[in-house]
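What follows is one structure encoded as structure tokens, with my remarks underneath.
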Amino acid sequence: MSNGSFEHPMDDAFSVPDDIEPLVEEIHEFIESDVEPIEQEYSAYLGSPLNYLDEDGRLRPEVEAARAEVRQRSAEEGYYALHLPEEVGGGGLSQREHFYIIEEIFRYGTGHGTGLTKSMLAWTEGPSPMLIHLDDDQREEWLQPLIEGRKSACIGITEPTAGSDITGIKTYAEKDGDEWVINGHKRYITNAPFADTAQILAKTDQGDGIDGMAMFLVDTDNPGFEPGHINQNIMMDGITSDIHLDDCRVSDDQLVGEVGQGLQLALTWINWRRVNRAGMCVGMGRYLLERMLEHANEREAFGSPIGDNQAVQWPIVETATELRAVRAFSTQLLSEFDEMSTLERLDQPSEARRTMSMLKYYPENQLFEWSDRAVQVLGGQGLMRSGGVERVFRVARNLRIPAGATEIQKQTIARTLGLGGSR
Ligand SMILES: Cc1cc2nc3c(=O)[nH]c(=O)nc-3n(C[C@H](O)[C@H](O)[C@H](O)COP(=O)(O)OP(=O)(O)OC[C@H]3O[C@@H](n4cnc5c(N)ncnc54)[C@H](O)[C@@H]3O)c2cc1C
């Protein structure tokens with residue numbers, strides 16, 4: 001396998017329940033039969049950011065084409081939208097079931113530095129449960145092309161002066177007959193340079209503050225829509241940029257849900273990302289554990305494998321133990337979430353919000369620890385761009401900010417425990 005995976009004594013500890021095992025096996029085979037040949041074909045553009053980014057820090061078109069190819073192949077097989085209900089053309093998996101699919105994909109680490117393997121599942125660029133709130137005609141026009149992987153999306157919530165506090169956004173939409181005129185500036189928007197559809201959160205002239213917030217669908221061909229400069233970041237992903245909305249006109253039927261639901265719709269999208277973090281972190285954790293075991297057994301120093309030293313054993317032992325704890329925690333909380341709610345729900349009960357925040361911050365914090373240990377165990381090799389572990393370390397550091405920083409998750413948990421509600 002391209003993840004360099006090998007049999008090790010912990011394999012049995014990561015068993016997959018019978019109800020989802022055949023699908024996980026299919027996903028595994030798809031990666032080998034369909035994704036790996038595409039990786040081979042584009043290998044000259046993969047591995048290092050020097051290969052996959054252009055001089056402006058933007059993902060090269062060849063790599064974007066490879067990602068789109070993986071996405072479309074996956075959609076043809078019905079894997080790309082497993083997370084959506086069957087009624088809208090998705091796979092109808094529960095969050096607990098979907099965990100095992102995400103875990104399997106992230107056992108390959110970050111997919112050769114460009115997320116090629118990961119492109120077989122819908123992320124920021126894909127169809128989110130938020131779009132279940134479209135009516136039938138809108139679904140046909142905007143959701144279906146995303147489910148089929150023919151088009152990709154981005155979501156513009158964050159702005160230069162508003163991140164954690166979404167209510168502070170300044171993007172504004174004014175009603176003009178049966179159209180809306182949107183003006184604003186978005187920042188840190190994943191897939192903005194490549195998206196066909198932008199989902200834009202704005203305040204409107206139809207209500208004050210949260211009551212006037214709305215989510216719009218914008219065709220990125222719209223003359224009022226312009227991606228800005230690439231936001232070169234720790235992941236060097238080449239797909240994150242500003243967006244400028246300058247008298248961007250959209251029609252009434254480009255509204256998701258209703259005016260006044262904008263904030264809840266944005267949170268619906270964000271919650272989708274939050275619950276997916278558990279599978280990502282456990283999958284990447286397993287990748288790191290395998291790399292550590294491999295290296296500790298193979299690398300020799302002072303006449304014996306470095307794994308003979310307790311100092312090298314302990315970070316591996318701690319990671320193996322914590323991985324089991326986080327995996328059990330994650331599947332337990334995801335099962336509980338499935339019992340009490342669904343992702344598209346706009347009025348999430350307090351317990352569901354607490355569960356989603358726990359599912360985001362705790363696995364992410366652990367992954368960061370594991371990746372730091374893995375770099376240390378691998379020594380110089382752990383810091384090399386070509387190795388894979390270095391990239392997981394940078395991704396792990398990133399995860400703790402987007403979709404609600406760690407502190408915001410803890411704030412949500414505190415509020416559901418009856419603390420700090422007055423602020
Ligand atoms: C790589 C990347 C991709 C992204 N993709 C997208 C995207 O596709 N779409 C999109 O809309 N946004 C996106 N974002 C933006 C992301 O969601 C925000 O960066 C995040 O919500 C934090 O906002 P901020 O950066 O403005 O930090 P700030 O809100 O300025 O916060 C800075 C620090 O203060 C802390 N803080 C703030 N308020 C409190 C409080 N009340 N209590 C305690 N601590 C607090 C925060 O936790 C954080 O540690 C992306 C960001 C990155 C880095």
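Model, not experiment: these values are computed from the prediction. Sequence positions, counted from 1, serve as the residue numbers for this chain. Ligands are counted one by one from 1 in listed order, and the atoms in each one are counted from 1 as well. Reckoned from all heavy atoms, side chains included, excluding hydrogens, waters and symmetry mates.
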For this session: Provide the closest heavy-atom pair for Pro363 versus Met358 in the form atom of the first, atom of the second, distance.
Result: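 Heavy-atom minimum between the residues: CD-O, 3.5 Å.
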
Between [X] and ligand 1, does any nitrogen or oxygen pair lie at a separation below 3.5 Å?
| X | result |
| --- | --- |
| Gln411 | yes |
| Pro402 | no |
| Asp165 | no |
| Ile189 | no |
| Asn233 | no |

For this session: Indicate yes or no: does Asp196 engage Arg150 in a salt bridge with an N to O separation below 4.0 Å.
Result: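 Between Arg150 and Asp196 there is no salt bridge, as every charged N stays at least 4.0 Å from the carboxylate O atoms.
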
Problem set entry | Sidechain N-carboxylate O distance under 4.0 Å for Glu103, Arg107 | no

Going by the order shown, which atoms of ligand 1 are within less than 4.0 Å of some heavy atom of [X]?
| X | answer |
| --- | --- |
| Ala403 | 17 (O) |
| Asn398 | 1 (C), 53 (C) |
| Thr158 | 10 (C), 11 (O), 12 (N), 13 (C), 14 (N), 15 (C), 16 (C), 17 (O) |
| Met235 | 1 (C) |
| Ile408 | 38 (N), 39 (C) |
| Glu407 | 43 (C), 44 (N), 46 (C), 47 (O), 49 (O) |

Exercise. Is the NZ or CZ atom of Arg58 both under 6.0 Å from the centre of the six-membered ring of Phe194 and within 45° of that ring's axis?
Worked result: yes

Exercise. Does NZ or CZ of Arg400 lie under 6.0 Å from the centre of the six-membered ring of Tyr361, at an angle within 45° of the ring axis?
Worked result: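 Relative to the ring axis of Tyr361, which defines the angle, Arg400 lies outside at least one limit.
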
For this session: Decide yes or no on side chain to side chain contact (heavy atoms under 4.5 Å, CB included) for Arg73 and Glu76, but give the supporting numbers first.
Result: CA-CA 5 Å; Arg73 279 290 304 120; Glu76 280 162 23; 2.7 Å; yes

Problem set entry | Member of Phe99, Tyr100, Trp123 meeting the ring-ring contact (aromatic ring centres under 6.0 Å, His included) criterion with Phe106 | Trp123

Problem set entry | Shortest reach to atom 3 (C) of ligand 1 by a heavy atom, considering only Ile234, Asp237, Thr190 |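 Heavy atom nearest to atom 3 (C) of ligand 1 belongs to Thr190.
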
Output a table of donor-acceptor pairs, distance under 3.5 Å, between side-chain atoms of residues 255-271 and any protein atom two or more places apart or on a different chain; print 'none' if there are none.
| from | atom 1 | to | atom 2 | distance (Å) |
| --- | --- | --- | --- | --- |
| Gln261 | OE1 | Glu258 | N | 2.9 |
| Thr268 | OG1 | Gln264 | O | 2.7 |
| Asn271 | ND2 | Leu267 | O | 3.2 |

